[in-house]
Amino acid sequence: MVQRVAIIGAGASGLASIKCCLDEGLEPTCFEQSHDIGGLWRFTEAGRISVYRSVITNTSKEMMCFSDFPFPEDFPNYMNHSRLLEYFRMYAERFSLLRYIRFETTVHSVRKCPDFSTTGQWDVFTETDGTVESAVFDAVMVCSGHYAEPHLPLDSFPGIENCFRGQYLHSWEYKDSASFQGKRVLVLGVGNSGGDIAVEISRVAAQVFLSTRSGTWVISRISDHGFPLDMMLTTRFHNCLENFLPSALMRRLRLKKFNTWFDHANYGLIPQKSPNLSLIVNDELPSCILCGAVVVKPNVEEFMESSAVFEDGTVEENIDMVVFATGYTFSFPFLEESVRNIYRSKYALYKYIFPPPLEKPTLAVLGLIELTGSIMAGTELQARWATRVFKGLNQLPPASRLMAEVAKKQQHLIKQGLSNKESKIKMSYIGYMDEIASCVGVKPNVLLLFLKDPKLALEVFFGPCTPCQYRLAGPGKWVGARNTILTQWHRALKPLRTRVINDSSNHSLVFHWLTILGLPALLCAGLLICKYSPQLWFPRVRLGAIPIRKMGFMKGGL
Ligand code: NAP
């Protein structure tokens, strides 16, 4: 019987894992090699991988909170690293998590015990202040992060090492723009880091060039009428449309929406492959391109002494600095080789968590996912499932079925031409969350909810699919979930209402609905409602504490 669980890393997923272990009556011990919690999100000047100084979350607070611990209502919707760290500290304090963490302790190796096939136990070797210790654990949760090692593809850029005289660095070394003052800078790769860094440097540099092999869609944090975009778009209603409407139509609608802000072809950013999946969040990049502060270029063919030659034959002279914003690779050097080999690709894991061929499901890797929504929320749900599997409350299918499912998934990705390293390629947030939630037994039953609690059901179906939806029923049910969902728009607006003007205008309910959904979307909703829940006619609701007319216009936003 699993009791003692080793958790490696005290970042967001490590904290959630400690909490989930406690919820299931397990005994967690978390090993953190630094002196504090927060992982990547704890900004440090140098020496370890952390976010850069100016980073702002790209999912909003309602969408990224731990499922039973909403952000304080006065926190901004998108926040910097110090606000997020403050939230982690509040979470750790609220659930008394710190006492389970051994700081400044490095995990050197995790090996199967000799009787692993019967016990599923692991030998965990750690080092604290030069003292090496080992202990036996019944299960291990790897929470050391997706971004363990910088990916620096020097081989792909002839001349960078032996010819180029300027300076080059990886984005993990980038902390702020101070050393780029007056320089001509080339940023390689348009992921979220590349976009953010290009924008920030462009404020002080003489010129910034942004080189991309494949292009990307760029979306803003802000939706129409100023609401957080992810709250408006990440809804079960949209998900239904995605699943029911023909994919070609959905793709057209989505691309039309992406190009409404700015035409990606005109700005040189239009993706060449997987056009519907590759996207980054950046509010300022289009404006920097429009103003010429950032110039988009194709991939670099080679570097000369002080210039870069691009694949279209153009040359940019006098390049002083090159920033490789080329992403990260994950690595688990502490795992014994037989296990590490399984983890070469995240797609080799059952539901991106469990290595299928292990005799006992006592090892889980958390956070190896790229979602169209919050990874933090996804990771917490993974932890809820993993701890229940450890405890024997949820069973995994037999190994042959796990392997077959993993193989099927890999085939599907190969067919789509997607490589393992394409981290801009995101899985559907709701699709993945619902899949894991079904395994845990916490996926909300929306149809049943329409019968039992129509007010809540409307918010669950048409409103943002927040993590709290997975606390409404089933194991880990939280009594505060209903109210948290019904008040989410209030918390989103609260930090904005710092100068309140009385608005006495009054709109009809019909107008409110048209405003929220747009006529075409409303028609689709009508069809869906008639199909699944004919008893439900035109609803007389307000979404949470915020009257519907305040919620803006989704314009069939997709
Ligand atoms: P990333 O998303 O993996 O993007 C790296 C980019 O580098 C690729 O998309 C590709 O862009 C380019 N690239 C990779 N290999 C290359 C090669 N061999 N040659 C040329 N170009 C290559 O990495 P990231 O932007 O550092 O982001 C890492 C993670 O952190 C992501 O999950 C991201 O969402 C997250 N992040 C979040 C925030 C935030 O919350 N605000 C900020 C930054 C990062 P091209 O196809 O354009 O060449």
Side-chain angles (χ1 to χ4, degrees), residues 11-12 39-41 43 49-61 63-64 78-81 83-84 145-158 160 168-174 186-200 209-221 230 264 268-275 277-285 296-303 308 310-311 322-330 346 367-376 378-379 418-427 429:
L40 200 71
W41 280 101
F43 173 76
I49 292 188
S50 85
V51 292
Y52 31 91
R53 196 187 298 277
S54 62
V55 80
I56 301 286
T57 58
N58 56 21
T59 44
S60 66
K61 65 173 182 176
M63 304 302 291
M64 70 184 290
Y78 297 97
M79 66 200 81
N80 64 21
H81 52 82
R83 275 339 259 286
L84 189 54
H146 200 160
Y147 312 118
E149 282 179 17
H151 173 55
L152 190 62
L154 297 178
D155 294 350
S156 310
F157 297 96
I160 187 79
Y168 65 87
L169 66 151
H170 188 270
S171 60
W172 85 270
E173 294 170 74
Y174 179 85
L186 171 59
V187 178
L188 299 174
V190 192
N192 278 309
S193 302
D196 280 355
I197 291 171
V199 164
E200 187 170 49
F209 301 98
L210 180 57
S211 158
T212 175
R213 296 171 308 170
S214 50
T216 186
W217 298 109
V218 183
I219 57 169
S220 168
R221 290 177 177 80
D230 56 356
H264 285 65
L269 286 170
I270 193 150
Q272 279 165 348
K273 60 176 179 176
S274 56
L277 292 168
S278 163
L279 55 88
I280 65 166
V281 179
N282 198 306
D283 299 301
E284 294 163 81
L285 184 58
V296 178
K297 302 291 292 184
N299 197 21
V300 173
E301 198 166 82
E302 65 173 324
F303 282 95
F310 295 89
E311 280 177 352
V322 176
V323 181
F324 280 79
T326 42
Y328 296 85
T329 46
F330 57 90
K346 57 188 168 190
L368 278 195
I369 40 173
E370 288 288 344
L371 302 175
T372 54
S374 164
I375 295 179
M376 226 170 94
T379 305
L418 305 180
S419 81
N420 293 346
K421 297 217 163 83
E422 296 281 3
S423 79
K424 275 191 294 187
I425 309 301
K426 317 274 187 200
M427 282 186 287
Y429 172 79

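Nothing fancy with the numbering, it's 1 onward along the sequence. Start at 1 and go down the list; that is how both ligands and their atoms are numbered.
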Proximal ligand 1 atoms for Asp196, defined as those under 4.0 Å from one of its heavy atoms: 41 (N), 42 (C)
Ligand 1 to Tyr328 polar contact by distance, N or O atoms, under 3.5 Å: no
Flag side-chain contact, heavy atom, 4.5 Å: Thr59 against Met376: no
Proximity winner for atom 27 (O) of ligand 1, if only heavy atoms of Ser193, Gly215, Gly327, Ser171 are counted: Ser193
Where ligand 1 meets Thr212 - atom numbers and elements under 4.0 angstrom, heavy-atom basis: 45 (P), 46 (O), 47 (O), 48 (O)
Min side-chain heavy-atom separation Asp230-Val281 under 4.5 Å: no
Single hit among Val322, Val190, Leu188 for side-chain contact (heavy atoms from CB on, under 4.5 Å) with Ser211: Leu188
Option with minimal heavy-atom separation from atom 16 (C) of ligand 1, where the choices are Arg213, His170, Gln272, Arg221: Arg213
Polar proximity ligand 1 side, Trp41 side, N/O cut 3.5 Å exclusive: no
Where at least one partner belongs to residues 50-59, residue pairs that pass salt bridge (charged side-chain N to carboxylate O under 4.0 Å, His left out), sequence neighbours excluded: Glu45-Arg53, Arg53-Asp176
Closest heavy-atom pair and its distance - Ile375, Glu370: CD1-OE1, 4.0 Å
Thr57 N/O under 3.5 Å from ligand 1 N/O: no
Heteroatom proximity flag, Ala325 to ligand 1, N/O under 3.5 Å: yes
Leu188 to ligand 1, any heavy atom closer than 4.0 Å: no
Proximity of Thr59 to ligand 1 by residue part, where a heavy atom lies under 4.0 Å: neither
With His170, the ring pair (Phe, Tyr, Trp, His ring centres under 6.0 Å) member among Tyr328, Tyr147, Phe324: Tyr328
Between CG on residue Asn192 and OG1 on residue Thr216, distance to nearest 0.5 Å: 8.0 Å
Heavy-atom donor-acceptor pair, His264 side chain to Pro271 backbone, under 3.5 Å: no
Numbered atoms and elements of ligand 1 in range of Ile56, under 4.0 angstrom, heavy atoms: 39 (C), 40 (O), 41 (N)
Backbone or side-chain N or O of Asn192 under 3.5 Å from ligand 1 N or O: yes
Nearest candidate to atom 46 (O) of ligand 1, where distance is taken over non-hydrogen atoms, out of Ser278, Gly194, Ser214, Ser54: Ser214
Any Tyr52 heavy atom less than 4.0 Å from ligand 1: yes
Where Asp283 and Ser220 come nearest, the two heavy atoms and their spacing: OD1-OG, 2.6 Å
Any side-chain heavy-atom pair of Leu186 and Tyr168 under 4.5 Å: no
Element-labelled atoms of ligand 1 that are located less than 4.0 Å from some non-hydrogen atom of Gly191: 4 (O), 25 (O)
Atoms of ligand 1 close to Ser156 [distance to a heavy atom under 4.0 angstrom, numbered from 1]: 18 (N)
Contact (N/O only, under 3.5 Å) between Glu370 and ligand 1: yes
Plane angle bin for Tyr174 and Tyr52 - parallel if under 30°, tilted between 30 and 60°, otherwise perpendicular: perpendicular
Note, Asn299 side chain near Phe157 side chain (heavy atom, < 4.5 Å): yes
Numbered atoms and elements of ligand 1 in range of Val190, under 4.0 angstrom, heavy atoms: 11 (O), 45 (P), 47 (O)
Within-shell test, Trp172 vs ligand 1, heavy atom, strictly < 4.0 Å: no
